[in-house]
Amino acid sequence: MDINRFTKVSDTAWRLEPQGAMRVPAVIYADEALLADMDDKVAEQASNVAMLPGIVQASYAMPDAHWGYGFPIGGVAAFDAEQGGVVSAGGVGFDVSCGVRTLLTGLDHRAIEAVQPRLADALFAGIPAGLGSTGQIHLRDQQMTDMLRGGAAWAVERSFGQPEDLERIEERGQMAGADPEAVSQQARKRQRNEMGTLGSGNHYLEVQHITRVFDPDVAAAFGLAEGQVVVSIHCGSRGLGHQIGTEFLREMAIAAQGHGIDLPDRELACAPIHSEIGQRYLGAMRAAINCALANRQILTHLAREVFAEVLPDANLRLLYDVSHNTCKTERHVVDGRDRELYVHRKGATRAFGPGHPDLPEALRGVGQPVLIGGSMGTASYILVGTNEGERLSFNSACHGAGRAMSRHQATRQWRGRALVDELAARGILIRSPSLRGVAGEAPGAYKDVSRVVQASHDAGLARLVARVEPMVCIKG
DNA sequence: ATGTAC
């Protein structure tokens with residue numbers, strides 16, 4: 001990307017002034033090298049998003065942004081329903097409410113080393129992973145409806161986890177406004193046997209140890225210390241979210257014309273928030289959020305069962321669970337006015353700062369944990385939200401390393417077996433049903449996550465708290 | 001990301 005196209009706002013913020021049909025500027029957060037390496041498509045797509053009706057303040061791209069369907073992955077855009085604002089299925093993404101949760105274990109990394117292969121095998125046996133993977137849970141239609149309304153709270157009621165887990169989940173584990181009736185039979189059918197499964201691609205369950213603390217005070221408040229072990233789960237709403245995304249993209253593409261919305265790119269299919277289809281999408285999307293929250297909750301229960309077996313001293317307590325593919329109704333101050341906005345985050349993590357009323361009491365004073373999953377075999381990071389993040393990006397930060405090349409390209413360039421062996425030699429045990437899948441997730445196919453989080457930190461989107469590195473990775 | 005396509 002030619003960085004001379006941008007107005008340089010700071011070392012980590014670059015602005016494209018509105019031109020043509022753009023209603024607001026497009027802003028990319030990245031350091032100069034990340035920006036230069038970024039695909040031209042990111043600027044083009046962020047500019048296209050800036051043309052949509054009712055967009056507020058600016059269209060944003062995070063430091064890990066890359067080309068996506070319509071909206072860039074790593075994109076953030078907020079819309080005001082009272083100003084003709086829209087909701088877009090492509091602005092959320094196919095994997096609705098894909099996200100990360102991190103659990104404290106109370107264990108030191110030496111405790112893992114003693115049982116590492118056994119733990120890896122037991123987790124692999126206990127955690128269904130891979131494309132089309134199914135679990136032990138089979139939902140009848142009424143149970144599906146209850147799950148779509150109840151989210152993680154539904155899972156806890158069914159003894160998957162503990163009531164105190166809910167405190168540490170976005171929306172307290174249950175997204176309000178879900179409309180199970182708006183979820184098609186086909187979406188329900190696809191999900192019937194997929195609760196408590198990881199899925200494929202970049203999804204994983206990792207046992208990690210903390211290798212660096214950047215902010216001792218916040219780390220202490222989060223319960224993190226160097227040498228300690230945590231478990232992180234990265235996955236989403238599986239087939240159900242994908243089916244909802246597919247159906248509404250199609251329907252919105254047709255509906256946009258009827259609503260008189262002139263799309264710069266047909267992939268930006270959207271509908272007015274105040275429209276029948278807009279409301280129906282929001283209801284279905286919120287039901288998919290509950291599906292993802294329930295899924296991560298069940299996976300947590302499965303992980304606890306394995307740890308109880310292999311490392312009975314472990315006490316897996318939830319630090320936090322946060323999504324990075326959503327459209328959420330939030331209040332933000334824009335132009336000095338407190339407004340209700342529909343914030344699309346597609347590959348961007350919500351990052352509320354200290355004092356935010358939606359945070360649980362135990363975290364309110366310090367801010368929201370911002371959980372950033374790295375690529376396979378590399379570090380992941382825990383950050384904390386800031387208050388300046390509100391005016392910078394509606395409280396949003398990066399979501400991961402961000403792809404540097406396509407899966408297809410990666411599978412031609414790397415061999416899964418060789419990657420697994422190389423990582424094992426470095427003390428990182430990978431277990432996956434698909435060596436081809438592993439090749440597609442080669443660390444070299446991703447940007448450097450440490451640069452991405454540093455840019456997020458420098459830009460003020462979120463602040464670095466701790467780095468973790470993998471010991472065991474169950475890969476989808 | 002995903003029963004890699006109606």
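Proteins get letters first, then strands, A, B, ... in listed order; numbering begins at 1 in each.
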Practice item. Provide, to the nearest angstrom, the distance between the CG atom belonging to A/Asn325 and the P atom belonging to B/dA1. Key: 9 Å
Review point. Any donor and acceptor pair, going by atom type alone, linking the side chain of A/Ser59 with main-chain N or O of A/Ala46 inside 3.5 Å?
Key: yes
Check your understanding: Within this structure, what is the CD-to-P distance between A/Gln186 and B/dT2, rounded to whole angstrom?
Key -> 16 Å
Review point. Got a sec? Which of residues 232-240 of chain A come in under 4.0 Å of DNA chain B, heavy atoms?
Key: A/Arg238, A/Gly239
Revision key, fill the gap. Here the distance between atom C1' of B/dA1 and atom CZ of A/Arg296, to the nearest Å, is 13 Å
Check your understanding: Can you check the A/Leu131 CG to B/dA1 P distance for me, whole Å?
Key -> 11 Å
**Study point:** A/Arg403 side-chain N/O to A/Met405 backbone N/O, donor-acceptor pair under 3.5 Å
**Key:** yes
Exercise for review: Would you confirm whether A/Glu206, through its side chain, and A/Val472, through its main-chain N or O, come within 3.5 Å as a donor-acceptor pair?
Suggested key: no
Point to revise | Between C1' of B/dT4 and CD of A/Gln409, the distance in whole Å | key: 18 Å
Check your understanding: Can you find a heavy atom in the side chain of A/Phe248 that is under 4.5 Å from one in the side chain of A/Ile244?
Key -> yes
Check your understanding: For DNA chain B, which residues in residues 194-201 of chain A have a heavy atom at a distance below 4.0 Å?
Key -> A/Glu194, A/Gly199, A/Ser200, A/Gly201
Exercise for review: Round to the nearest Å and state the distance from A/Gln191 atom CD to B/dA1 atom C1'.
Suggested key: 13 Å
Practice item. Could you state the atom-to-atom distance from OH of A/Tyr69 to C1' of B/dT4 in whole Å? Key: 15 Å
Review point. For atom CD of A/Glu305, is the number of surrounding heavy atoms from other residues, nucleotides or ligands below 6.0 Å larger than 12?
Key: yes
Review point. Is a side-chain N or O of A/Arg296 found less than 3.5 angstrom from the main chain of A/Cys235, in a donor-acceptor match?
Key: yes
Exercise for review: May I have the distance from A/Arg436 (atom CZ) to B/dA1 (atom P), rounded to whole angstrom?
Suggested key: 16 Å
Check your understanding: How far apart are the closest heavy atoms of A/Ser237 and A/Val96, and which atoms are they?
Key -> OG-O, 2.7 Å
Exercise for review: Please work out which of the three classes, parallel, tilted or perpendicular, describes the rings of A/Tyr29 and A/Tyr60, given edges at 30° and 60°.
Suggested key: parallel
